[in-house]
Amino acid sequence: AGRPPPVNGKLLCGGVADVAQLTFALLLKAYAKHYGSYAALRKGRVAEFLTDLTGGGPQTRELGGEESRAWAELSALKAAGALLSCQQAALASRSAAEPFADGIRLRSTYVILSQVVLSSGERLLCLRNPWATPLWRGRWRGGAPEWSATSSGDDQSPLMQLQTSGSPYAAAAVRDDPSGLFWISLADFVRVFDRVYACRIAPRAAPRAIHFGEWTGDTAGGCLNFAC
């Protein structure tokens with residue numbers, strides 16, 4: 001018990017392609033050990049994961065296809081310094097092939113990085129797919145014709161507007177980004193994704209209290225979903 005599993009008499013080992021990602025790998029291993037296994041993490045909730053790692057207050061918002069309400073809520077949460085992510089749910093009305101036609105992973109969590117309003121009024125969001133693939137194949141993808149089109153009254157193309165604004169994610173508009181960054185219109189965002197997860201982080205200046213004690217029982221320190 002406790003020994004690494006051998007294959008053909010040789011011990012298994014692994015590593016990271018980028019040494020800059022080593023910290024995350026160690027953090028993930030410690031998190032999996034806390035819950036008992038890597039498999040246990042597959043049954044957890046995104047909101048609980050964010051709370052465990054940040055101590056912030058989680059929120060879940062259903063999008064319901066409403067553009068204006070979704071944009072206003074995301075803007076308010078972003079301004080409050082909340083961490084934001086989104087997910088496409090496995091709905092009965094959605095076929096198994098539909099998500100991959102758009103290049104979106106079903107029931108996978110995407111990070112919401114930025115919101116931009118172009119001079120034309122088009123509202124865009126920059127997301128990141130942590131798995132990098134599949135690539136978003138809809139409008140405003142990297143290198144899409146929408147980025148170079150200029151509407152009447154605009155002196156700059158959408159790409160130039162993004163670059164001029166100093167957006168750190170402008171490169172994802174030029175070509176497909178290997179790290180999983182991509183831009184998507186608000187209309188496509190509320191069509192493709194079903195819910196948003198937010199985690200509000202308390203500012204350092206906020207009043208805090210420390211209580212010492214012990215938490216015992218079936219749910220102590222564990223994911224409620226996994227403990228059921």
Side-chain angles (χ1 to χ4, degrees), residues 21 23-24 27-28 30-32 34-35 38-94 98-100 102-116 123-136 138 140 168-169 172 177 179-203 206 219 221-228:
Q21 303 299 324
T23 301
F24 178 76
L27 176 62
L28 184 62
Y31 196 58
H34 173 68
Y35 281 116
Y38 283 101
L41 302 185
R42 295 179 60 86
K43 296 180 178 291
R45 299 187 180 96
V46 174
E48 292 172 350
F49 174 78
L50 291 172
T51 300
D52 284 344
L53 294 188
T54 68
Q59 292 178 298
T60 301
R61 303 291 181 90
E62 300 297 329
L63 291 173
E66 299 180 25
E67 294 183 29
S68 297
R69 181 178 65 84
W71 186 265
E73 290 184 349
L74 288 173
S75 299
L77 289 168
K78 197 72 173 177
L83 303 176
L84 299 174
S85 60
C86 54
Q87 190 179 76
Q88 184 183 74
L91 302 179
S93 60
R94 178 175 288 142
E98 182 180 340
F100 289 95
D102 283 329
I104 299 296
R105 283 176 172 262
L106 186 66
R107 299 185 67 181
S108 296
T109 304
Y110 285 63
V111 182
I112 302 174
L113 297 171
S114 180
Q115 294 174 251
V116 169
R123 292 172 290 188
L124 305 176
L125 297 97
C126 184
L127 309 183
R128 182 174 183 270
N129 173 5
W131 296 269
T133 57
L135 300 172
W136 166 243
W140 300 100
Y169 313 114
D177 185 85
S179 68
L181 290 176
F182 65 94
W183 290 90
I184 184 172
S185 68
L186 177 63
D188 282 332
F189 176 78
V190 298
R191 175 184 64 83
V192 171
F193 294 98
D194 303 295
R195 62 176 59 99
V196 166
Y197 298 99
C199 185
R200 291 177 178 269
I201 309 299
T219 64
C223 169
L224 298 179
N225 191 36
F226 178 65
C228 294

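- Applying the side-chain contact (heavy atoms from CB on, under 4.5 Å) criterion to Asp188, with sequence neighbours excluded, gives Trp136, Arg139, Ile184, Ser185, Arg191.
- A distance-only check finds no donor-acceptor pair linking the side chain of Trp71 to the backbone of Gln115 [under 3.5 Å].
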Inset, instruction - Test Ser114 against Arg128 for side chain to side chain contact (heavy atoms under 4.5 Å, CB included), laying out the working first. - result: CA-CA 10 Å; Ser114 180; Arg128 182 174 183 270; over 6 Å; no
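- You'll find the side chain of Leu50 stays beyond 4.5 Å of the side chain of Pro58, heavy atoms only.
- Ring orientation note: the planes of Tyr31 and Tyr35 are nearly perpendicular, at an angle over 60° on the 30°/60° scale.
- In terms of the side-chain contact (heavy atoms from CB on, under 4.5 Å) criterion, residue partners of Val190 (sequence neighbours excluded) are, by chain and number, Glu67, Ala70, Leu186.
- Counting only heavy atoms from C-beta outward, the side chains of Phe182 and Asp177 never approach each other to under 4.5 Å.
- Taking each heavy atom of Glu62 and Arg69 in turn, the nearest pair found is O-NH2, 3.0 Å.
- A 4.5 Å side-chain heavy-atom check between Tyr110 and Arg105 finds at least one atom pair inside the cut-off.
- In plain terms, the two heavy atoms of Leu127 and Phe193 that are nearest each other are CD1-CE1, 3.5 Å.
- The side-chain contact (heavy atoms from CB on, under 4.5 Å) with Leu83 is formed by just one residue from the set Leu53, Ile112, Thr54; it is Thr54.
- Proximity of a side-chain donor or acceptor of Gln88 to a complementary backbone N or O of Val192 within less than 3.5 Å is detected.
- To the nearest 0.5 Å, the span separating CG on Leu63 from CD on Glu73 amounts to 8.5 Å.
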